[in-house]
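Working notes for the structure below.
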Amino acid sequence: MSQDRPIELPYFDFLLEDFRQGNSEIIKCFGLHVHWGYWENPTLADGSVDNFAAAAEKLTQKVYQAGGATDGQRILDCGCGFGGTISSLNDRFSNLQLVGLNIDSRQIDRAREQVQPRDSNQIEFVRGDACQLPFADNSFDLVLAVECIFHFPSRQRFFQEAYRVLKPGGKLAICDFVPEQLLQPLIGLMSTFGNSMINNFFGYVDSSFTLNDYRQLARNTGFTPVVEENITQNTIPTYPMLRSLQLQTDNNQLGNSAVIAEWVSRLEIIRYLILSYQKSSYA
Ligand SMILES: C[S@@+](CC[C@H](N)C(=O)[O-])C[C@H]1O[C@@H](n2cnc3c(N)ncnc32)[C@H](O)[C@@H]1O
């Protein structure tokens, strides 16, 4: 494993090349947040890049609200991308100690450039693996993982690490693509045909973890579930947006992946969930 490129994330290669070429639509959609959008009323999505950027910001807010983000906290954002979630927290709260962690140093460099601490806040961006957190036990009030846990080598190790670094009573909040339990065999079949296309564009992705798996993992780790919110239908306008964007790819891998993903989302074969958990106050 090289220090700079420990895992393959082809879509970040394409994004960074688009940024370098000054593709203003891609920069507006993914220069800060790299995740789906959330529309309170999806019928009002207008297909513009500004509307998408606002929806992406809204999704981040939904995740950290599920984790009870508030003034004065020490917050860790795992898989922090280009710093969008840290930037949003920095804009809205005070007296924060914010730490963004990412496995890809190119993303960390961009995050450091574009997100500066406001007033009483402190911000640090650290290169590292979400499954081996380089932080002390009991040192954060809130741990976040916005649309990235499916890339991690192990959800179990990430939950254990999040639990370890959280203070007693601290919270973990994530969002993830979660398959419907009863439809797992169908998803297995679809993966056989669709995985190489998805992996060629997104790199390693594991979308086989069900809500029951999450409940069991939380129990085994010592977490109590707090929020389980299905926002699948609120994210649907993301897909036409993805299809319309011309990323610098050799073929339209983004568009093809978006067609499959829209289909499985509309049918709720795979749901988009916001999940949060609390560590016991007596741990
Ligand atoms: C879809 S992007 C989401 C980025 C960011 N959370 C956001 O919402 O804008 C997935 C992120 O997970 C990061 N990532 C993947 N595997 C990781 C790991 N093992 N540890 C830390 N970050 C990881 C990627 O580098 C990428 O930034």
Side-chain angles (χ1 to χ4, degrees), residues 1-16 19 26-38 52-64 66-67 69 75-90 98-112 114-115 125-135 142-162 165 172-177 198-199 201-207 231 235 238 242 245 247 254 257-258 261 272 274-275:
M1 271 193 185
S2 101
Q3 272 298 98
D4 269 354
R5 301 294 308 278
I7 58 167
E8 295 294 326
L9 295 162
Y11 66 118
F12 275 95
D13 300 342
F14 296 127
L15 285 177
L16 288 162
F19 297 170
I26 296 286
I27 292 170
K28 202 163 237 178
C29 288
F30 299 119
L32 192 58
H33 297 292
V34 186
H35 56 236
W36 277 198
Y38 174 93
F52 179 78
E57 166 62 24
K58 184 69 191 161
L59 186 133
T60 280
Q61 293 176 14
K62 292 275 300 175
V63 177
Y64 64 63
I75 301 177
L76 171 63
D77 181 28
C78 293
C80 66
F82 299 126
T85 300
I86 296 286
S87 169
S88 177
L89 288 160
N90 181 45
L98 295 166
V99 182
L101 173 125
N102 205 302
I103 197 115
D104 179 0
S105 54
R106 301 167 306 169
Q107 296 175 51
I108 291 287
D109 291 344
R110 183 176 169 91
R112 282 192 186 126
Q114 68 179 354
V115 188
F125 287 103
V126 176
R127 188 190 167 278
D129 185 341
C131 295
Q132 285 179 281
L133 294 175
F135 306 110
L142 173 60
V143 173
L144 302 168
V146 179
E147 214 177 283
C148 50
I149 196 167
F150 46 79
H151 283 315
F152 296 171
S154 159
R155 283 177 177 81
Q156 183 184 345
R157 282 215 304 280
F158 171 62
F159 265 55
Q160 288 166 343
E161 280 293 83
V165 302
L172 165 66
I174 68 164
C175 52
D176 193 12
F177 300 95
I198 289 171
N199 295 154
F201 187 71
F202 289 106
Y204 172 75
V205 170
D206 173 9
S207 285
I231 61 162
T235 64
T238 303
L242 293 181
L245 288 171
L247 264 179
L254 179 63
S257 306
Y272 196 115
I274 293 178
L275 304 167

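Since this is a predicted model, take the numbers as computed values, not measurements. First listed ligand is number 1; within each ligand, the first listed atom is number 1. Numbering starts at 1 and runs along the sequence shown.
No part of F82 comes within 4.0 Å of ligand 1, judged by heavy-atom distances. In P153, the part holding a heavy atom less than 4.0 Å from any atom of ligand 1 is the side chain. Neither the backbone nor the side chain of T85 comes within contact range of ligand 1; no heavy atom lies under 4.0 Å.
Per-residue contacts place C148 under 4.0 angstrom from the following atoms of ligand 1 (heavy atoms of the residue considered): 10 (C), 11 (C), 12 (O). For ligand 1, the atoms closer than 4.0 angstrom to any heavy atom of G128 are 20 (N), 21 (C). Close contacts between ligand 1 and C80 involve ligand atoms 5 (C) [criterion: under 4.0 Å to a heavy atom]. Of all atoms in ligand 1, numbered sequentially from 1 with element shown, those under 4.0 Å from a heavy atom of V146 are 3 (C), 5 (C), 6 (N), 8 (O).
The ring-ring contact (aromatic ring centres under 6.0 Å, His included) search around F152 returns F158, not counting sequence neighbours. Here E147 pairs with Y272 under the side-chain hydrogen bond (donor to acceptor under 3.5 Å, both in side chains) rule; sequence neighbours left out.
Within 6.0 Å of atom NZ in K62, more than 12 heavy atoms from other residues, nucleotides or ligands are found, so the atom counts as buried in its surroundings. With a 6.0 Å radius and a threshold of 12 heavy atoms from other residues, nucleotides or ligands, Q156 has its CD atom at or below the threshold.
Contact annotation: C78 has no heavy atom less than 4.0 Å from any atom of ligand 1. Judged by the shortest distance from any of its heavy atoms, Y11 lies inside the 4.0 Å radius around the atoms of ligand 1. Residue contact check for ligand 1: A145 places no non-hydrogen atom closer than 4.0 Å to it. Note on ligand 1: Y204 sits outside its first shell, no heavy atom being nearer than 4.0 Å.
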* Derivation and outcome, side-chain contact (heavy atoms from CB on, under 4.5 Å), residues F159 and I149 -> CA-CA 10 Å; F159 265 55; I149 196 167; 3.9 Å; yes

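When the options D129, L76, L133 are evaluated for a side chain to side chain contact (heavy atoms under 4.5 Å, CB included) with E161, the one that passes is L133. Each of V99, V115, D109 was evaluated against F125; a single residue qualifies, V115, per the side chain to side chain contact (heavy atoms under 4.5 Å, CB included) test.
Checking only distances, L9 never comes within under 3.5 Å of ligand 1, N or O to N or O. Remark: ligand 1 and E147 share no N or O pair separated by less than 3.5 Å (distance only, no angle test). In terms of N/O distances under 3.5 Å, ligand 1 is not approached by H33. Where the criterion is an N or O separation shorter than 3.5 Å, residue side chain and backbone included, A130 meets it with respect to ligand 1.
S87 and Q114 are not linked by any side-chain donor-acceptor pair at a separation below 3.5 angstrom, with hydrogens and angles left out of the test.
Proximity of the aromatic rings of Y11 and H151 is defined here by a centroid distance below 6.0 angstrom, and this criterion is met. Taking the six-membered ring for Trp, F19 and F82 have ring centres closer than 6.0 Å.
For atom 8 (O) of ligand 1, the choice among H151, R127, H35 with the nearest heavy atom turns out to be H35.
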